[in-house]
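What follows is a short report on a single structure.
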Amino acid sequence: MAIRSLLSINKKKQKGVIVDRNKENSFPADLMTKCPECKKIYLSKELENNLKVCTNCDYHYKMTAWERVSILLDEGTFESFDENLRTSNPLKFPSYLEKIEIDSLKTGLNEAVLTGMGSIKGAQVVIAIMDSHFRMGSMGSVVGEKITRAIEKATEYELPFIIFTASGGARMQEGVISLMQMAKTSVALKRHSDHGLLFVSIMTHPTTGGVSASFASLGDLNIAEPQALIGFAGRRVIEQTVREKLPDDFQTAEFLLAHGQLDAIFHRKEMRDKLATIVKLHQKGGVSNV
Amino acid sequence: MSKSLDFEVPVVKLREKIQELKEIAKNADVDMSTEIETLETRLQQLETKIYTNMEPWDRVQVARHAQRPTTLDYINEIFSDFIELHGDRSFGDDEAIIGGIASFNGQPITIIGHQRGKTTKENIRRNFGMPHPEGYRKALRLMKQAEKFKRPIICFIDTKGAYPGKAAEERGQSEAIAKNLFEMAGLKVPVISVVIGEGGSGGALALGVANRIFMLENSTYSVISPEGAASILWKDATLAKQAAEAMKITAYDLKAMNIIDGIVIEVAGGAHRDVQAQANELKECIHNALTELTILSETELINDRYDKFRKIGEFIEEEVEVKVDGKVDVEVEVN
C-alpha cells in the first residue's frame, strides 16, 4: 500500500485511538498514529517506545492499566488482586451486564480498575490503576470494592498505597450504591492514614465527578499527569450554569496546579523515578541511600 | 394553602367541593350534613389511597415542594439555644450550608445542614442550597469543633448537589467534598444524618458519613437527579419520571438496599402540611438514635461508621479454589 493511502487512513482515525496490540500485524492503519494535539504523524511503535507520549508535543495518550504496570513496577513483581469479583446488576438496568462483558473482553480486566501489589525500585507498594477504556473508568460496586480491599491490604501490610485515577465518575447504572463507594473508599483511606501510612494519588486523564470528589483528591500527595482533565462537574454543565465561556485550560492539571489544588505535575517519563523517590522518603527509619 | 402537586389533584378538588357545600349549607339554610359526611368519608379514603401509593416521581415533587420544611425550620422546632456559627476561616461564609450549636433535650450538640431558601430572594442568597467548597469547609470546621467538645453532630441533607460553577472548581469542590468524607470517617463523636429533602450526589454525601442515616419518607437520595440520569442514560431529560423509578432513589428503596437505617414517616401529603408534627416525629427519631450511640466509645463509633459503609456494594464473588486433584472449582457467592 502506498504511503499516501496509509496516511489518509490515519486521518480518519478517532482522536486518541491507539494501537491494539492484538491487531498489530493485521491492519496497516495501526502502523501509524496521528497526534490529536499537534497532528504529527509517526510510527505507532515509536509512540509505544516513548511511553505513549507524543515525541513532538508531549501529549500524553491514555494508557491501559496493564501498560502502566509495565512502565511503573519492577519487572515480574506485580501480583493482581481480586480478579474474581464480578459486576452484578442491582438496579436491573437493561443490557448493563452485556456492556460490562464487552469491555471486559476488550480490556482483559474484570472491572475498571486493576489492583495489586508490586515493587518500585525494590520498594513494596500496593497499587490501584483505573482504566478508562472500561466503561469510562466509572465506579460501581466492584471498582469500589477492589480499591477498598487494596487499601485494606496496604493497611494490613503497612505499605504505601498508590492510585492512578482515570474515571468519568460514579457509575449511573448502579445508582446510589455507586455514590456510596465514595464513602467506602474514603473510610478505608482514613484508616490507612491513621496508621501513618503514605497514600499518593496520581490523577490521569480524565479524573472527574465522584472519583475526583473522593479518593483521587485524598492523597498525602496529589499528583497529576500533564494536561489531564480533572474536575468535579463537567465543562458543559458549568457553561450552562454560569452562562459564560470557560478558559481553554479550565480543569486541566496545569489549571489545578495554578489554583493550589495539586502538589505537582509529573511527566510520564519521570513518573517511576519520582514515585520511587517519594516512597523512599516516606520509609520508616529514614532514607537509606542505595 | 400551599400549591398542590399533580398527583394530589383529586384530593384537592374533593376538599374544595366539601368546602363549597359547607358554604352553601350555611348561607341557604339547607341541611346537607349527610352529603357532607359522605364526602368527608370519601376524602379520607381518597387521601389514604393517594398518599399511601405515591410513585417515586410523586415523592420527588414533594421533596422539591417550595414550602417543604428546611434545615432552619427543623432547627427552630427541635432544638433550643441555637446559635449560628459562620465561615470557613479561609475564604468566606457559604449560606447554602448553615451550622451552629444548640441544645437537644438538654444536651449540647452541633447542627449542620444544607439550607435552601423559601423565597427567590433567599434562594439567591443561599444559592438554592447548592454549596461551594467553603460551605463544606465550614461544615468540617464545625465538625472538628464538635469533636473537641465531645458534642454529637446532627446533619440535615437537603441539596440538589454541590454547585457546578467556575469558582467552585477553582477553589477545589472535589477536594472539599472528599476531605469531608475522609474526616467524617474519623470523628470521635456520634454523627447522625437525616435526608430531609433532596439528597443529590456527592454534595449530599459530604454531610452523610454518619453512624445513623435516616430519610424522611418523601425525600430522595441519589447519585444524580432524575433529569440528569434520563439525559445521560436515554439522551432525553423528559424521561425523568421513568428515571426516578429506575434509579431507586426513594427512602423505601434505600432502606431495602440497607443503605439507610430508618425512614421517618411523613404527615399525610408531605412534611409541609404540618411542620410541627413532622418535627416531633423527627425529634423522636434523633432522640432514639442518640440514645443508642452515646453509650459507644470513641473507637466503637469510628468502627461502627467504618463497618456501615464498608459493607455497601453489590457484586458477585467467584471463589476460586484449587482442589487436591488439580481441578478448579468455581463457587459463586452473591454479596
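Both backbone and side-chain heavy atoms feed into the values below; hydrogens, waters and symmetry mates do not. Each chain gets a letter, A, B and so on, in the order the sequences are listed, and its residues count up from 1.
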Exercise for the section: Going by the side-chain contact (heavy atoms from CB on, under 4.5 Å) test, name the single residue among B/Ile263, B/Leu254, B/Ile157, B/Val194 that passes it with B/Met215. Expected result: B/Leu254
Problem - Non-hydrogen side-chain atoms of A/Leu262 and A/Ile223 separated by less than 4.5 Å - result: no
Handout entry: Side chain / backbone / both / neither for A/Leu189 at chain B, heavy atoms under 4.5 Å
Key = both
Exercise for the section: Count the heavy-atom pairs under 4.5 Å between each of B/Ile302, B/Ile224, B/Val223 and chain A, then report the option with the highest count. Expected result: B/Val223
Exercise for the section: Pick whichever of A/Ala233, A/Pro247, A/Gly140 has the most heavy-atom pairs under 4.5 Å with chain B. Expected result: A/Ala233
Check every N and O of chain B against chain A and note each donor-acceptor pair under 3.5 Å, with its distance.
unit_1	atom_1	unit_2	atom_2	d
B/Glu169	OE1	A/Phe232	N	3.0
B/Glu169	OE1	A/Gln251	NE2	2.9
B/Glu169	OE2	A/Phe232	N	3.4
B/Glu169	OE2	A/Ala233	N	2.8
B/Glu170	O	A/Gln261	NE2	3.2
B/Arg171	O	A/Gln261	NE2	3.4
B/Ser174	OG	A/Ser212	OG	2.3
B/Ala178	N	A/Ala213	O	3.4
B/Asn303	OD1	A/Arg191	NH2	3.1
B/Tyr306	OH	A/Glu152	OE2	2.7
B/Arg310	NE	A/Glu152	OE1	3.2
B/Arg310	NE	A/Glu152	OE2	2.8
B/Arg310	NH1	A/Glu145	OE1	3.1
B/Arg310	NH1	A/Glu145	OE2	3.4
B/Arg310	NH2	A/Glu145	OE2	3.0
B/Arg310	NH2	A/Glu152	OE1	3.2
B/Ile312	O	A/Gln181	NE2	3.1
B/Ile312	O	A/Lys184	NZ	2.8
B/Glu314	N	A/Ser141	OG	2.9
B/Glu314	O	A/Ser88	OG	3.2
B/Glu314	O	A/Ser141	OG	3.3
B/Ile316	N	A/Arg86	O	2.7
B/Ile316	O	A/Arg86	N	2.7
B/Glu317	OE1	A/Arg149	NH2	3.0
B/Glu317	OE2	A/Arg149	NH1	3.0
B/Glu318	N	A/Asn84	O	3.0
B/Glu318	O	A/Asn84	ND2	2.7

Completion exercise
In terms of heavy-atom pairs under 4.5 Å with chain B, the winner among A/Gly210, A/Gly234, A/Gly209, A/Gly175 is A/Gly175
Problem - Closest-packed option against chain A by number of heavy-atom pairs under 4.5 Å, given B/Ile232, B/Ile249, B/Ile259 - result: B/Ile259
Handout entry: Portion of A/Ala188 that has a non-hydrogen atom of chain B nearer than 4.5 angstrom
Key = both
Exercise for the section: For side-chain contact (heavy atoms from CB on, under 4.5 Å), just list the numbers for B/Ile192 and B/Ile153, CA-CA rounded to whole Å, side-chain angles, deciding distance to a tenth of an Å, and then say yes or no. Expected result: CA-CA 6 Å; B/Ile192 296 170; B/Ile153 300 165; over 6 Å; no
Handout entry: Side chain, backbone, both or neither of B/Ala229 within contact of chain A (heavy atoms, under 4.5 Å)
Key = neither
Problem - Spacing of CG belonging to A/Leu91 relative to CD1 belonging to A/Ile177, to within rounding of 0.5 Å - result: 6.0 Å
Exercise for the section: Can you sort out the partners of A/Ala258 under side chain to side chain contact (heavy atoms under 4.5 Å, CB included), two or more places apart, ordered by chain and number? Expected result: none
Handout entry: Portion of B/Ala206 that has a non-hydrogen atom of chain A nearer than 4.5 angstrom
Key = neither
Practice task
Output all residues satisfying salt bridge (Lys or Arg N to Asp or Glu O under 4.0 Å) with B/Asp158, sequence neighbours left out; order by chain, then residue number.
Solution key: B/Arg116
Problem - Contacting region of B/Ile312 [heavy-atom separation from chain A under 4.5 Å] - result: both
Practice task
For side-chain contact (heavy atoms from CB on, under 4.5 Å), just list the numbers for B/Phe156 and B/Ile154, CA-CA rounded to whole Å, side-chain angles, deciding distance to a tenth of an Å, and then say yes or no.
Solution key: CA-CA 7 Å; B/Phe156 292 117; B/Ile154 318 286; 4.1 Å; yes
Handout entry: Rounded distance (nearest 0.5 Å) linking atom CD1 of A/Ile151 with atom CD1 of A/Ile163
Key = 6.5 Å
Practice task
Using the side-chain contact (heavy atoms from CB on, under 4.5 Å) rule, take B/Ile112 and B/Leu207 through it: C-alpha gap first, then chi angles, then the decisive distance, then the call.
Solution key: CA-CA 8 Å; B/Ile112 298 160; B/Leu207 299 183; 3.9 Å; yes
Exercise for the section: Decide side-chain contact (heavy atoms from CB on, under 4.5 Å) for A/Phe199 and A/Leu218; before the verdict, give the C-alpha distance in whole Å, the side-chain angles of both, and the deciding distance to 0.1 Å. Expected result: CA-CA 8 Å; A/Phe199 169 38; A/Leu218 290 174; 4.1 Å; yes
Completion exercise
Of the listed A/Leu256, A/Val211, A/Ile238, the one with the largest count of heavy-atom pairs under 4.5 Å with chain B is A/Ile238
Exercise for the section: Go through the atoms of B/Met257 and report whether side chain, backbone, both or neither lie under 4.5 Å from a heavy atom of chain A. Expected result: side chain
Exercise for the section: Please list all pairs passing the ring pair (Phe, Tyr, Trp, His ring centres under 6.0 Å) test where one or both residues lie in residues 226-253 of chain A, with sequence neighbours left out. Expected result: A/Phe250-A/Phe255
